[in-house]
Amino acid sequence: MRIIKFALTLMAVAVGSVAMAQTANVDERVEELLSKMTLEEKIGQMNQLSGGYQFTDMIREGKVGSILNIVDPVEINAVQRVAVEESRLGIPLLVSRDVIHGFRTIFPIPIGMAATFDPAIVEQGARVSAIEATASGVRWTFSPMLDIARDPRWGRVAEGSGEDPYLDVQMGVAMVKGYQGEDFTDPTSMAACIKHFVGYGAAEGGRDYNTTMISERALRNTYFPAFKACVDAGALTLMTSFNDVDGIPSTGNDWLLQDILREEWGFDGMVVTDWNSSGEMIAHGFAEDLKDATAISINAGVDMDMMSWGYIQYVKQLVEEGRISMETIDNAVRNILRLKFRLGLFENPYVDETLARKVAYAPEHLAAAKQCAVESIILIQNNNNVLPLKGVETILVTGPMADAPYDQLGTWAFDGEEQHTVTPLTALRKDYNVIYEPVLAYSRDDNTANIKAAKKAAKKADAIVVCVGEEAILSGEAHSLSNLNLQGAQSELIAAMKATGKPVVVVVIAGRPLTIERDLAECDAMLYAFHPGTMGGEAIADLITGREVPSGKLPMTFLRDAGQAPFYYNHPMTGRPNNGTETLLNDIPLKAGQTSLGCTSYYLDTGYGPLFPFGYGLSYTTFEYSNITLDKSVLNKSDYIHIDFDLTNTGDYEATEVVQIYVRDLVGSVVRPVKELKGFMRVTLKPGETKHLMYDLPVSDLAFWNRDMEYVVEPGEFQLWVAGDSASGEAITFEVR
Ligand code: BGC
């Protein structure tokens, strides 16, 4: 009884103060609240824990600022009620979750979203995620992951936009806008968290959590741009990364978190550690113990601790010992409270407990997920135009990914439900007479006993669709691989199907670019779907039947062999580039002289090139680029490069081309990349149609961090390409003065 009365009094106080504060701006409200807080309450705000009910007492005592990993609206409301109505100051909790590519309605994994080259559909995907997740009471997601990834052995390539900084910027900004919406206080607005700051994707050898060695210039030119762009787009929070860069773990890197993030970029959002990344500085050998790690991370500029438990245990002591100043604590708490006020949590702490189930899988959410999946799938090979499968009645569907509703959702799909997933098998049954022989139970299965049955069934089929790839668990965090061939007996299955003489369409459903060269030789056509989510099966069926035409493009270079990694199109120019002579292993005469091989930069077994370049992807039609011109060949730094060109659909299908614009800076004060993506556009054309297109590229977009570590456009000659991938097209030259 006493507690209830106390709570009611507090509520009255809280309501009164809310009314008063509504007119004040956020910063005034922050200061007002901060002035009332004890040190313990401040420390509590800086503490994030995983769970709900079990922390009720701590929440009541003001020892928890945020929770993660509960999604039941009843539980969320219950713990929120404790925070708002039973803690001394009634500060609401911020509830968070890894909503990475959808909440209930699962979109393609982020690398698949990047393959759409369509920021609009990606923004829509993030909006759908926000609508579904906030309906449960989740107002903060740990997405987008902006880590540039150039090594497909790293399992987390699944979670990012691939290898290119420009594409990373476009996708990251689209996600931030989609999650956060127009107005943060809108109950469907979910704070984005740009992660992992920074360089996590550069883990040596593609081994997760491994060390990185990235120069400041490379950070600025390659790894920072998407973070900076998302800060400019208003991203509300940022997560530090697990890795060290040149010996400094990000969670203890004051240069990153203060000099760059706060001072250079003016970030006024909130910084959170990755899961126990503060505590892991002990294992790094960068902190003596948890207390030391806590001091290091707070002094470096981390506001909130995710799951090291160090803040709640040691901050008070550290303040008393003078190792952390009160000013540092106050600033961290300001950042946290500012976020909570911005999200309108004080006004709207609770959620309608019936809403989540009403909005999940809304028809328009499923439609957007399907559209995104269609656009994300890449046509890798289409010999003799086997696809779309027309005039075909009976198909054999085989392979472990044909009916794997859980696995096609991909990594970090915590809240997606497999019973809502449409698999390729289910979808294809609507279009064809389907014989189904899975042969392999899961992607790692190497039991080939059932291949016989599939071969027999193939006799009755007009064509074969083989769905192979990776189970969800083979990519994502902590799932690095050193061999990127199809697992288990999947390649044997493909080859056995080819031996039947029937047309073979392979659909790869995977979390990363795999090394598929040998499989390409054993099939007629291949579609590559990065785990495509809830509606993946329908998207695949639409592409196989020709109701939709593929338009996805590779956001990462595809390798012949994992030994080529890291391999990315925009690498710095070498002093011994491709000179057109490639002496491969079998070309080498016996006892050849040491210097007789050309001495250029390639592998004796795989040559100069990758299997497929960044930006690659076929269509059921063909496109022709012509009349590419620039309005000026000499430009000033303040000009726009006005590009004119014609694009013609020279085939039989209405289709969309992703036009890509690449630039090369021929001479720089530091070695420059061989090519850099500077723009793209999706253009839809009817068969035979030609469109005259224009693109204005600001010369200022050619700037980079030069030898003096200044962000400038260096005058000189440049080349420009307008093409359908990073390895095609004719260069046009221009000069900047
Ligand atoms: C991951 C983060 C994720 C966090 C919370 C960590 O293991 O690295 O990306 O947001 O867990 O689940």
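Atom set for the values below is all heavy atoms of this structure, side chains included, hydrogens, waters and symmetry mates excluded. By convention here, the first residue in the shown sequence is residue 1. Both ligands and their constituent atoms are indexed starting at 1 by order of listing.
- Taking every heavy atom of Arg156 and a limit of under 4.0 angstrom, the matching atoms of ligand 1 come to 1 (C), 2 (C), 8 (O), 9 (O).
- Using a 3.5 Å distance cut-off with no hydrogens or angles, the side chains of Ser297 and Tyr311 do pair a donor with an acceptor.
- The shortest contact between atom 7 (O) of ligand 1 and any protein heavy atom is with Glu477 OE1, 2.7 Å.
- Among the candidates Met239, Met46, Lys195, the single residue satisfying the side-chain contact (heavy atoms from CB on, under 4.5 Å) test with Val272 is Met239.
- In summary, the atoms of ligand 1 found under 4.0 Å from a heavy atom of Lys195, numbered by their order in the structure, are 2 (C), 3 (C), 9 (O), 10 (O).
- With no hydrogens or angles considered, a side-chain donor-acceptor pair links Asp208 and Tyr200 at under 3.5 Å.
- Residue Met145 does not touch ligand 1, judged by heavy-atom distances below 4.0 Å.
- In this structure, a donor-acceptor pair under 3.5 Å is absent between the side chains of Glu470 and Ser443.
- In the candidate list Val99, Asp274, Asp98, Leu68, Asp98 is nearest to atom 10 (O) of ligand 1, counting heavy atoms.
- In this structure, CG on Asn276 lies 12.0 Å from OG on Ser50, to the nearest 0.5 angstrom.
- Rounding to the nearest 0.5 Å places CD of Glu263 at 10.0 Å from CG of Leu261.
- Proximity to Phe142 (heavy-atom distance under 4.0 Å) selects the following atoms of ligand 1: 10 (O).
- The closest approach between His196 and ligand 1 falls below 4.0 Å for a heavy atom of the residue.
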